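Step one of this worksheet: look at the structure below.
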Amino acid sequence: MTQSAKISYNRILENRPKAIEGAIRQFIHWMELLGWSPKDIYSTHVALIEALNNAYEHGNKSDQYKKIFFYGTLTADEISLRICDEGRGFSPQAVPDPTDRKNVLNPRGRGLFLMKKCMYSIQYKASGTELFMKKYPSADQDHQAKKEL
């Protein structure tokens, strides 16, 4: 694929782990085709695992009748993602900071922390049921798509 290629991703996922795994596998494949670096592919993979599993477990409460909505655009230079669940929402500010010493043994908050570290930006809207994430290629990467020009 060329650097100008743009992939739009619009999937409504069944609320189950196998559907999430398949959606992530497809998205990562497209990143590889567009020449994203292994480092950026890995960090996006981690963020997607956390975001989609949060929608499944915390948002939709593992309810098999609910759906996860996974939308995005992908180019060689930018990833824009929107992930929505059918849950009640939450306040991201109320999630404990896992880097705070008092939360070291608390299992909550690690997923949000990882997503923030792995992506350029993350933002929750609609009372916490919509997640927007962006990523740009790392400055230190060997970006294959740019080399082909």
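None of the values given here were measured: they were computed from a predicted structure. Nothing fancy with the numbering, it's 1 onward along the sequence.
- Contact of the N54 side chain with the F90 side chain is not registered, since no non-hydrogen atoms from C-beta on lie closer than 4.5 Å.
- There is no path of hydrophobic side-chain contacts, each under 4.5 Å, that joins F69 to I20.
- With sequence neighbours excluded, the residues that form a side chain to side chain contact (heavy atoms under 4.5 Å, CB included) with F132 are R82, K125, E130.
- Between the side chain of W36 and the backbone N or O of T75 there is at least one donor-acceptor pair closer than 3.5 Å.
- The CE atom of M119 lies 9.5 Å from the CG atom of D40; values are rounded to the nearest 0.5 Å.
- Taking every heavy atom of both residues into account, C84 and Y71 meet most closely at SG-CE1, 4.5 Å.
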Full working for side-chain contact (heavy atoms from CB on, under 4.5 Å) between T44 and M133:
CA-CA 10 Å; T44 302; M133 298 192 292; over 6 Å; no
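- Considering every non-hydrogen atom in both Y65 and E86, the closest pair reads O-OE1, 4.4 Å.
- Sequence neighbours left out, not one pair with a member in residues 47-75 passes salt bridge (Lys or Arg N to Asp or Glu O under 4.0 Å).
- Under the side chain to side chain contact (heavy atoms under 4.5 Å, CB included) criterion, S80 pairs with T73, E78, K134, sequence neighbours left out.
- Linking Ile, Leu, Val, Met, Phe, Trp and Tyr whenever their side-chain heavy atoms come within less than 4.5 Å leaves L114 and Y124 in two separate clusters.
- Atom CZ of R110 and atom CG of N106 lie 7.0 Å apart (nearest 0.5 Å).
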L74 and Y9: CA distance, side-chain angles, deciding distance, side-chain contact (heavy atoms from CB on, under 4.5 Å) verdict
CA-CA 8 Å; L74 172 63; Y9 192 79; over 6 Å; no
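- V95 and F113 are not part of a single hydrophobic cluster, where members link through side-chain heavy atoms under 4.5 Å apart.
- Checking side-chain atoms of Y56 against main-chain N and O of I68 turns up no donor-acceptor pair under 3.5 Å.
- A distance of 5.5 Å separates CE in M115 from CG in L131, rounded to the nearest 0.5 Å.
- Between T129 and G87, the closest heavy-atom pair is CG2-O, 3.4 Å.
- A pairwise comparison of heavy atoms in V46 and C118 identifies CG1-SG, 3.8 Å as the closest pair.
- In this pair, F70 and F27 present their aromatic rings tilted. The plane angle is within the 30 to 60° band.
- Rounding to the nearest 0.5 Å places CD1 of I24 at 5.0 Å from CD1 of I49.
- Distance check: H45 NE2 to R25 CZ gives 9.0 Å after rounding to the nearest 0.5 Å.
- Under a 3.5 Å cut-off, the side chain of K117 and the backbone N or O of S43 do not form any donor-acceptor pair.
- Here the straight-line distance linking atom NZ of K18 with atom CD of E21 works out to 5.0 Å at 0.5 Å rounding.
- When all heavy atoms of A5 and L34 are compared, the pair lying nearest together is CB-CD2, 3.8 Å.
- The two residues D77 and Y136 make their nearest non-hydrogen contact at O-CD2, 3.4 Å.
- Using a 4.5 Å cut-off on side-chain heavy atoms (C-beta onward), L81 and L48 make contact.
- A continuous path of ILVMFWY side-chain contacts below 4.5 Å connects I41 to L52, so both sit in one hydrophobic cluster.
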